[in-house]
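Shown next, in structure tokens, is the structure this report addresses.
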Protein chains: 2
Amino acid sequence: MSERIIKAFKNAAIEKKNRQDYFNIAVSVDCVIFGYDNHELYVLLMQSDLEEFQGLNSLLGDLVRPSEDLTEASFRILWERTGLQNVYLEQVHTFGKVCRHPSGRVITTAYFSLIDMQHQQLNIAEHQLDWYPVRKVKRLAFDHLEILQLCLQQLQQKVMERPVVFHLLPPLFSLRELQSVFEAILGIELDRRNFRKKIAIKDWIIDTNTLEKEVNHRPGKLYKLKAGLVNNFRPYQ
Amino acid sequence: MSERIIKAFKNAAIEKKNRQDYFNIAVSVDCVIFGYDNHELYVLLMQSDLEEFQGLNSLLGDLVRPSEDLTEASFRILWERTGLQNVYLEQVHTFGKVCRHPSGRVITTAYFSLIDMQHQQLNIAEHQLDWYPVRKVKRLAFDHLEILQLCLQQLQQKVMERPVVFHLLPPLFSLRELQSVFEAILGIELDRRNFRKKIAIKDWIIDTNTLEKEVNHRPGKLYKLKAGLVNNFRPYQ
DNA sequence: TCAAAAGTGTTTGAACTACACCCATGT
DNA sequence: ACATGGGTGTAGTTCAAACACTTTTGA
């Protein structure tokens, strides 16, 4: 099998290499799991158990098994570490520097994921996971800080173009909450009236004719995401 | 070394796997090399030498060596197959389906590249390469058609935002040529006056105070790309 | 009645679209 | 002189930003 792969690539002016050489790269995926709560964007991190990175946090990642697709591996990691299924995942970039992992050659494909951290029950304690405000994350193991930053940047770029933020919110949400999510992601304040106009134009949400409850001010209308706008299991664009 | 990698990933609820299992994924890169000539966008393809895909073309790709970065691998392929150096490369996506390669498990990271096909001398004949109009490519080996389409889409999305098209042109070019490149990439016609206004606003190019020569009509002014706008060797965004 | 957030419209400048005529050069 | 593309401006429209007051509810 693997001899076939090497043969299949023999065509160019490459040197002959033996099996050992070509199958010496491990493949992993790392998931940047974003959550939102109370005007703040969070990322789910675990404690690195690598001695080189003692005391540092890292993203949730794992080696990809030969029998699973890259996306399957990401869904598996989310499932194994958090118990979540049916989450939104989007591939961002593959990091392939020779020395990015201290134990050997590992390339990793980064995905970001958006989840409703208030209403999904995570097995957080069980796996030593914790939510950290993205703003405050200054150091991570490996090149994970770089990965986090690129995923955030990607999220920022897409957030106004496509209806993705709704994965961070419960099924029913107020416009105030929605605006707050945008502000947390973009790191800027938005004008309420202009924001509402923009959202109205996008035609992403539906007025449910219900109101917020248990809130000590005038309750806002609750909206829901329009059906059919999101493909959860779309591995790319 | 590789035992260390497996150990390094032991933390989660993964099953113990032996080395064989984890190092059974090969890693390759595939390059979508775009060129422009005479109102048409081209892509550089080679004949697939895999029996499963006899008669079909494929992108230029190769296995990544354990000792080289992912980007280095792409530059190497470009260099080995075309003799080109210093080209513009941008990572697009990593394709990781289990069955995408008939000979075994190979994940591949796709890059696109933009080169000035009129003025760069390629070793085309030597490697059975050829330029094909992107519009006309209907079938390719592996999942390479999908890769090509995604790269084109990415190029289309970026082309108005960032000064990348200039890599498809010689150092000096007329506005007519520039517009033509945009039209070829986007597959639409543009209004000349509006296009010029838009480009003027971007502040990407400089009037060189020279004129086209050997043209049987009124010669256009020649422009050049403003210095400092492009990082060639930027592996992502 | 107060605090806190909900809800709502108008004005201005910038950018985008559509569109037509004269100009410079080679043959 | 003519054919070919080079070069330019204006009017109408759409989009983004700035900005303030009234309303509803709970305490």
Side-chain angles (χ1 to χ4, degrees), chain A residues 36-40 118 156-163 165 169-170 172-224, chain B residues 36-40 118 156-163 165 169-170 172-224:
Chain A
Y36 166 82
D37 190 32
N38 188 33
H39 300 249
E40 186 89 39
Q118 298 162 64
Q156 288 172 336
Q157 282 168 10
K158 298 218 163 141
V159 90
M160 275 298 181
E161 314 301 322
R162 291 199 290 137
V165 284
L169 288 169
L172 296 185
F173 50 85
S174 67
L175 285 175
R176 175 77 198 126
E177 285 176 296
L178 185 59
Q179 180 179 341
S180 232
V181 176
F182 276 91
E183 290 175 333
I185 291 173
L186 297 172
I188 54 174
E189 302 224 318
L190 300 171
D191 178 83
R192 194 159 78 247
R193 286 161 293 186
N194 292 337
F195 175 78
R196 282 161 189 242
K197 260 180 284 177
K198 214 176 227 172
I199 292 295
I201 289 170
K202 303 269 184 212
D203 199 26
W204 285 341
I205 62 176
I206 299 174
D207 187 345
T208 63
N209 293 311
T210 55
L211 294 177
E212 284 181 297
K213 290 218 164 26
E214 288 156 31
V215 80
N216 61 346
H217 54 76
R218 173 174 174 181
K221 287 182 178 180
L222 290 175
Y223 292 81
K224 66 179 179 189
Chain B
Y36 166 82
D37 190 31
N38 189 32
H39 299 247
E40 186 89 38
Q118 299 161 64
Q156 289 172 336
Q157 282 168 11
K158 298 219 164 144
V159 91
M160 274 299 181
E161 313 301 324
R162 291 200 290 137
V165 285
L169 287 169
L172 296 185
F173 50 85
S174 67
L175 286 175
R176 175 76 196 127
E177 284 175 295
L178 185 60
Q179 181 178 342
S180 234
V181 175
F182 275 91
E183 290 175 333
I185 291 173
L186 298 171
I188 55 175
E189 303 223 318
L190 301 170
D191 178 83
R192 193 160 81 248
R193 284 161 296 189
N194 293 337
F195 174 77
R196 284 163 188 239
K197 260 179 284 178
K198 215 177 227 171
I199 291 296
I201 289 170
K202 303 271 185 209
D203 197 29
W204 286 341
I205 61 177
I206 300 175
D207 186 344
T208 63
N209 293 310
T210 54
L211 295 177
E212 284 180 298
K213 290 219 167 18
E214 289 155 33
V215 79
N216 60 344
H217 55 74
R218 172 175 173 180
K221 286 182 178 179
L222 290 175
Y223 293 81
K224 65 179 181 188

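The sequence lines fix the lettering, A, B, ..., with proteins before strands; numbering per chain opens at 1. Just so it is clear, the values below take in all heavy atoms, side chains as well, and ignore hydrogens, waters and symmetry mates.
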Report the distance from atom CZ of A/Phe195 to atom P of C/dT8, rounded to the nearest whole Å.
14 Å

Contact under 4.0 Å: A/Arg196 side-chain N or O vs C/dG7 OP1/OP2:
yes

Taking the side chain as everything from C-beta on, heavy atoms only, tell me whether A/Ile199 gets closer than 4.5 Å to A/Phe182.
yes

Checking the side chain of B/Glu183 only, and the main-chain atoms of B/Leu190 only, is there a donor and an acceptor separated by less than 3.5 Å?
yes

Does a distance-only test, which skips hydrogens and angles, find a donor-acceptor pair under 3.5 Å between the side chain of A/Arg218 and the base of C/dA6?
yes

From CD1 of A/Ile199 over to P of C/dG7, roughly how many Å is that when rounded to an integer?
14 Å

With a cut-off of less than 4.0 Å, is there a side-chain N or O of A/Arg193 near OP1 or OP2 of D/dA18?
no

Taking any heavy-atom pair under 4.0 Å as a contact, classify B/Lys221: base, sugar-phosphate, or nothing.
sugar-phosphate

Rounded to the nearest 0.5 Å, how far apart are CD1 of B/Ile185 and CD of B/Glu40?
12.0 Å

CD1 (B/Ile205) and NZ (B/Lys224) are apart, to the nearest 0.5 Å, by 12.0 Å

Without decimals, in angstroms, what is the distance between A/Glu161 CD and D/dC15 P?
14 Å

Send over the distance from A/Arg192 CZ to D/dT22 P, rounded to a whole Å.
15 Å

Atom CG of A/Leu211 to atom P of D/dG26: distance rounded to whole Å?
10 Å

What is the distance, rounded to the nearest whole Å, between atom CG of A/Asn216 and atom P of C/dA6?
11 Å

In whole angstrom, give the distance that lies between atom CD of A/Glu214 and atom P of D/dG26.
11 Å

How would you label the contact of A/Asn194 with the nucleic acid (heavy atoms, under 4.0 Å): base, sugar-phosphate, or nothing?
base

A/Leu186 CG to D/dA17 P, in whole Å, measures 12 Å

Please give me the minimum heavy-atom distance between B/Trp204 and B/Val159, naming the atom from each residue.
CH2-O, 3.9 Å

Counting side-chain heavy atoms from CB outward, which of D/dT25, D/dA18, C/dA6 is closest to A/Arg176?
C/dA6

